[in-house]
Asks: 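Pasting in a structure now, in structure tokens, and then I'll have a few things to ask.
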Amino acid sequence: MASTVHSSNAAPGTGRGARWLPAAVFLGLVVVAFFMLVPLFWLLSSSLKQISEIFTNPPIWIPRTLQWGNFAELFVNRGFGTIAWNSLLLSSVFTAAALLLCGLGGFAFAKYHFRGKNVLFMFVLASLMIPHEATMIPLFVIYKQLHLIDNIWGVILPDLANAFGIFFMRQYCASLPDEMMEAARIDGCSEFKLFRKIILPNLKSAFAALGIILFVKQWNNFLWPVIILRSKENMTLAVALKALEDSNNTPYHLIMAGSVISVVPLLIIVLVFQKQLISGLTEGSVKG
Amino acid sequence: MRASSWKWQLKFAPYLYISPYFLLFLVFSLYPAFYSVYISFTDWNGSKAKAFIGLENYAALFADSRFWLSLWNSVVIFLLYVPLMLFLALVLASLLNANWMVGKGFFRMALFVPNFVSVVAVSFVFVLIFNTQDGLLNNVLRNIGWIGQPIPWLESPWYARISVALMVLYRWLGYNMLLMLTGLQSIPKDLYEAAYVDGASKVKSFFLITVPLVKRIALFCTVLSTIGTFSLFTEPFILTKGGPLSSTLTPVLMLYSESFEGFHFGYGSAIAVCFFILMMSISFIQMRLFDDKH
């Protein structure tokens, strides 16, 4: 263990027989990566199979004829166009609104002095302790009265009060120099303009990182949406996949095709924004 | 006029900026939290009038073997994957931190991909993989001759728990590896150099510099995994529906089925309150563990 941790300082190969070590380690990593990617390959492969090809021995890794019809079936007959659009709309609207609120909140806590600031911030941190699962029943009852059941706003609103996001943006806002804002104020900049002209452009990467985390989380959100989104016209992809299962004969080929639809946009986002995502996910956890 | 408007703005802007958060939090989180406690003292199905029954729901819950089983299942699943996950995460992070390793970017992404793809999608793939009759895993194991009879991955209590644990391991290994990797990378190189100049051996500086930091991150990962395991829902919901014989029932899954399948809102709320207290205790321990060090 010691040698591997320290290998950032010293290349291996100092001892006898250590020359094969890098190759062995590399091979080990290939094996781990293989196990990580096989389920995703199986997902893609099964999405292009006939249902009879999914459970076979020996397994069919690459379907003989690619069944693009699975995807057509979802979009033409099962309303997946609307459903995918719902997911996109819900996640985008949520992300945009949450970024604005977290940005403003984090900015206020980082750069203003006001009465009760510390108490209020402690309150924000303490609010992290209330798990959403513990409030589902009363929310469901309240939603009945507010007509928010089967409504995408019902998914968005509770998550918008995002303590993690405020905490996240506060740390980044604190890194901006005060002089920048003082100068703008002397030039007659209003307070909100300050946020728009200084915070937004200077913290683009922080907003990007938080935005991706929020978007991915909301896109994959399942427990609360499956409780309140009932009709096909309002479902998100995650809920619709589960709803496919509930039909008489579970159409696994369609579920896999739907899964691909729900996975591909995220893969693209994450591959494009790798750096921001990784810096965002580890922010605060290690620095402590 | 201008000066006073400026002062006014400066004074009220921060309150304006934080008010949406507090408003939403009060309406959609704090009020429901208290309401949840109230509902837990009643017998209610969501539509008829609430009947106040005091602590009866709690008495029933504490006498309910399924509730204790759901907690026990969480502990078992935790033990099945967390030690293995932390060990693998540390080994992988150390390897990916090495200068001489090639293809780091690829390996990091390959490990990390399962964490952000839809948990529902991944759960359904594992339904196919773990299927007893001609699932991918059983077929591969049979074809290479490791097993004779198919393994009932999702149909026997212990295998079902192992299956859920394997899937959670699959989804979270990369994330924990990433946390450890970031930790290892955050150690300044000159710290080791300084130790070297001071005459510390490699082994000594490993135990004095690397180990304490890794310990801290491992502790952090453990706390997160504890919260995550007790909150498990989607994986057992789709893989096993909590079965067989409730062997993969978790507190949140029980909360869901009592409340939104059985419409026992009072009983469900009692579960919710207990779950809340459990989560709060874990967060509290977390704060105590990480506060004094900094």
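Remember, predicted model here, so these are calculated numbers, not experimental data. No hydrogens, no waters, no symmetry mates; every other heavy atom, side chains included, goes into these values. Proteins get letters first, then strands, A, B, ... in listed order; numbering begins at 1 in each.
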Asks: Please work out which of the three classes, parallel, tilted or perpendicular, describes the rings of A/Phe114 and A/Phe109, given edges at 30° and 60°.
Replies: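 Tilted, since the angle between the ring planes falls between 30° and 60°.
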Asks: Could you tell me whether A/Lys217 atom NZ has more than 12 heavy atoms of other residues or ligands within 6.0 Å of it?
Replies: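 Not more than 12 within 6.0 Å, no.
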Asks: Just so I understand: if I count every heavy-atom pair under 4.5 Å between each of B/Phe124, B/Tyr35, B/Tyr256 and chain A, which residue has the most?
Replies: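 Most heavy-atom pairs under 4.5 Å with chain A: B/Phe124.
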Asks: Decide if atom OH of B/Tyr15 counts as having more than 12 heavy atoms of other residues, nucleotides or ligands within a radius under 6.0 Å.
Replies: yes
Asks: May I ask you to name which of A/Gly103, A/Gly116, A/Pro39, A/Cys102 has the most heavy-atom pairs under 4.5 Å with chain B?
Replies: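 Ranked by heavy-atom pairs under 4.5 Å with chain B, first place is A/Pro39.
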Asks: Mind ranking B/Val120, B/Val113, B/Val102 by heavy-atom pairs under 4.5 Å with chain A and telling me who comes out on top?
Replies: B/Val120
Asks: With respect to chain B, which residue among A/Leu157, A/Leu160, A/Leu101 yields the maximal number of heavy-atom pairs within a distance under 4.5 Å?
Replies: A/Leu157
Asks: For the residue pair B/Tyr21 and B/Phe25, does the interplanar ring angle fall in the parallel (under 30°), tilted (30 to 60°) or perpendicular (over 60°) class?
Replies: parallel
Asks: Between B/Val117 and A/Asn220, which heavy-atom pair has the shortest distance, and what is it?
Replies: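 Here B/Val117 and A/Asn220 meet closest at C-ND2, 3.9 Å.
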Asks: As an exercise: rank A/Asn162, A/Val216, A/Val263, A/Val124 by heavy-atom pairs under 4.5 Å with chain B and give me the winner.
Replies: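 Sorted descending by pairs with chain B, the first entry is A/Val124.
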Asks: Name the option with the most non-hydrogen atom pairs under 4.5 Å to chain A; the candidates are B/Trp44, B/Phe34, B/Tyr38, B/Phe284.
Replies: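 Heavy-atom pairs under 4.5 Å are most numerous for B/Trp44.
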Asks: Mind ranking B/Phe276, B/Phe233, B/Phe116, B/Phe275 by heavy-atom pairs under 4.5 Å with chain A and telling me who comes out on top?
Replies: B/Phe116
Asks: For the candidates A/Phe34, A/Trp219, A/Phe35, A/Phe140, which exhibits the highest count of non-hydrogen atom pairs separated by less than 4.5 Å from chain B?
Replies: A/Phe140
Asks: Do A/Val260 and A/Leu43 touch side chain to side chain, with heavy atoms closer than 4.5 Å?
Replies: yes
Asks: Between A/Val30, A/Leu237, A/Leu128, A/Leu271, which has the largest tally of heavy atom pairs under 4.5 Å with chain B?
Replies: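 Answer, by heavy-atom pair count under 4.5 Å with chain B: A/Val30.
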Asks: For chain B, which of A/Leu266, A/Leu139, A/Val32 has the most heavy-atom pairs under 4.5 Å?
Replies: A/Leu139
Asks: Given a strict heavy-atom distance threshold of 4.5 Å, which part of A/Ser46 is in contact with chain B: side chain, backbone, both, or neither?
Replies: side chain
Asks: Sort out for me which of B/Phe12, B/Phe237, B/Tyr170 touches chain A most, counting heavy-atom pairs under 4.5 Å.
Replies: B/Tyr170
Asks: Measure from the side-chain N and O atoms of A/Thr135 to the backbone N and O of B/Pro32, and report whether any donor-acceptor pair falls under 3.5 Å.
Replies: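 No; zero donor-acceptor contacts below 3.5 Å.
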Asks: Could you check whether any side-chain heavy atom of A/Phe55 comes within less than 4.5 Å of a side-chain heavy atom of B/Leu128, counting everything from C-beta outward?
Replies: yes
Asks: Counting only heavy atoms closer than 4.5 Å, note whether A/Tyr252 contacts chain B via side chain, backbone, both or neither.
Replies: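 Side chain only.
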